Amino acid sequence: MTTTERIGVWNQLVGQEPAVETLSAAAAAAAKIVAGEPAPPGAMTHAWLLTGPPGSGRSVAARTFAAALQCSTGTGCDACPGCHTTMAGTHADVRLVVPEGLSISVAEMRALVQAAARRPTTGNWQVVIIEDADRLTEGASNALLKAVEEPPDRTVFLLCAPSDHPEDVSVTIRSRCRLVTLRTPPPEAIADVLMRRDGVDAERAQWAASVCGGHVGRARRLATDEAARQRRATVLRIPLGLRRMGDVFTCADQLISAAEADAGEASKSRDEDERNELRTAMGGDGVGKGVAGAKRAAEAAVKQLEKKQKSRATRTQRDTLDLALVDLVGFYRDVLVMGTRSGATLNHPDHIDQIREAASSWTPESTLRRLEAVLECREAIELNVKPRIAVEAMVTTLRQG
């Protein structure tokens, strides 16, 4: 089934035909179970693990599957209230966990598991979607495991993670889930969806699809956001722009400042709205007798909210910085491809002149050292090394080679 042949909510998935086949068959089996009819054995199960590289559409696949489960026809028609409310994020029986901080806490998971134990109220199933399940703390994983081991009737858990490796998902949880592996979408499928769904002109869509590394969301940002294109261009000037020692600190500062600006821009208005809504809900903006206690409680709640917002901003900053580091990895990988004349597809074909210049100036060994320095920087940041220290150490190695 090709992208253009798909109907309903399945059109949201780009270049994932095998996954669509599996999930649509499961949704059809689920509809039979709800109707009390015999379903093909093994087609539908209570826990799923959706894995794939960044940008492959793990969370989109989970939401699409959830919509098909709540669909009145069981097909994911995208026309019924079940499909519409699920895709809009407003369905009463679909719970979405998106880690806004650095991890998903045990308290959050326990509350979710307790709520998921109830019977569906308006839909066919209680569906729990956990994005970035690799960020579950050990306690949260144990809380989830109990629910997955003894699942309530008509409850489905959909976990999204980069892989089924034990470092991402515990072995015990993995063993109780059915695995669906998503692949990196091909450039032609990404370009098609940018033109068809986002109205991007053909030339820009094809360019964005060729440089996004198979990341659909990144392709959309590059195609529609001039600031995103400028940030990418700034990052890709770094490898050949490290001529003096002072350039090390200038380039490191550019990377950190861009990530901080992105995080601040993404969260500023949202943070303020959340604080105002919380104060209003708790009566913190009231006047008259007896409001002093309400104001104190509201201010305490706002402080807790601000702590959560700070953690979310840190995560956003790290994610933005990681995108820049991935672009650098792609550049050094392209230099190795060019130097060895392997003929492999380039990650940054629009920077072929710079790639060719670097390949003629650097030895393969020095290029590999630079690539490894970027990978080590990514790992250091994940291990909570201060981003500025990690980036400055990386850029020093990039200059020295």
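The chain is numbered in sequence order, starting from 1. Values in this document were obtained by computation on a predicted structure and should not be read as measured data.
- Among pairs with a residue in residues 391-401, none fulfils salt bridge (charged side-chain N to carboxylate O under 4.0 Å, His left out), at least two apart in sequence or across chains.
- Checked for salt-bridge contact, R229 and E226 meet the test: a charged N lies under 4.0 Å from a carboxylate O.
- By the ring pair (Phe, Tyr, Trp, His ring centres under 6.0 Å) test, W48 pairs with F65, sequence neighbours left out.
- Of the options R333, R231, R218, R378, a salt bridge (charged side-chain N to carboxylate O under 4.0 Å, His left out) to D327 is made by R218 and by none of the others.
- Note on residues 365-401: no pairs pass ring-ring contact (aromatic ring centres under 6.0 Å, His included), not counting sequence neighbours.
- Applying the salt bridge (charged side-chain N to carboxylate O under 4.0 Å, His left out) test to pairs two or more places apart or on separate chains, those with a residue in residues 346-358 are R232-D350, D353-R356.
- For R220 and D225, the salt-bridge test fails: no basic side-chain N is under 4.0 Å from an acidic carboxylate O.
- When side chains are defined from C-beta on, C80 does not count as touching T73, because their heavy atoms never get closer than 4.5 Å.
- Looking only at distances, no side-chain donor or acceptor of T155 sits under 3.5 Å from a matching main-chain atom of P151.
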| said: Is there a side chain to side chain contact (heavy atoms under 4.5 Å, CB included) between S56 and Q16? Walk through the geometry before answering. | reply: CA-CA 8 Å; S56 58; Q16 305 295 348; 4.0 Å; yes

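- Atom CD of Q114 has 12 or fewer heavy atoms from other residues, nucleotides or ligands within 6.0 Å.
- Applying the salt bridge (charged side-chain N to carboxylate O under 4.0 Å, His left out) test to pairs two or more places apart or on separate chains, those with a residue in residues 172-190 are E17-R183, E149-R176, D164-R174.
- Donor-acceptor pairing under 3.5 Å is recorded for the side chains of R237 and T234.
- Within the 4.5 Å cutoff, the side chain of R221 has heavy atoms near those of the L323 side chain.
- No side-chain donor-acceptor contact under 3.5 Å links S175 and T172.
- Salt bridge R204/D198: absent, no basic N to carboxylate O contact under 4.0 Å.
- Heavy-atom contacts from other residues, nucleotides or ligands closer than 6.0 Å to CD of E37 number more than 12.
- At a cut-off of 3.5 Å, with distance as the only test, no side-chain donor of N142 or R110 sits close to an acceptor on the other residue.
- Listed by first and then second residue, the ring-ring contact (aromatic ring centres under 6.0 Å, His included) pairs involving residues 353-379 are Y332-W362 (not counting sequence neighbours).
- The main-chain N or O of V60 is never found under 3.5 Å from a side-chain atom of Q12 such that the two would form a donor-acceptor pair.
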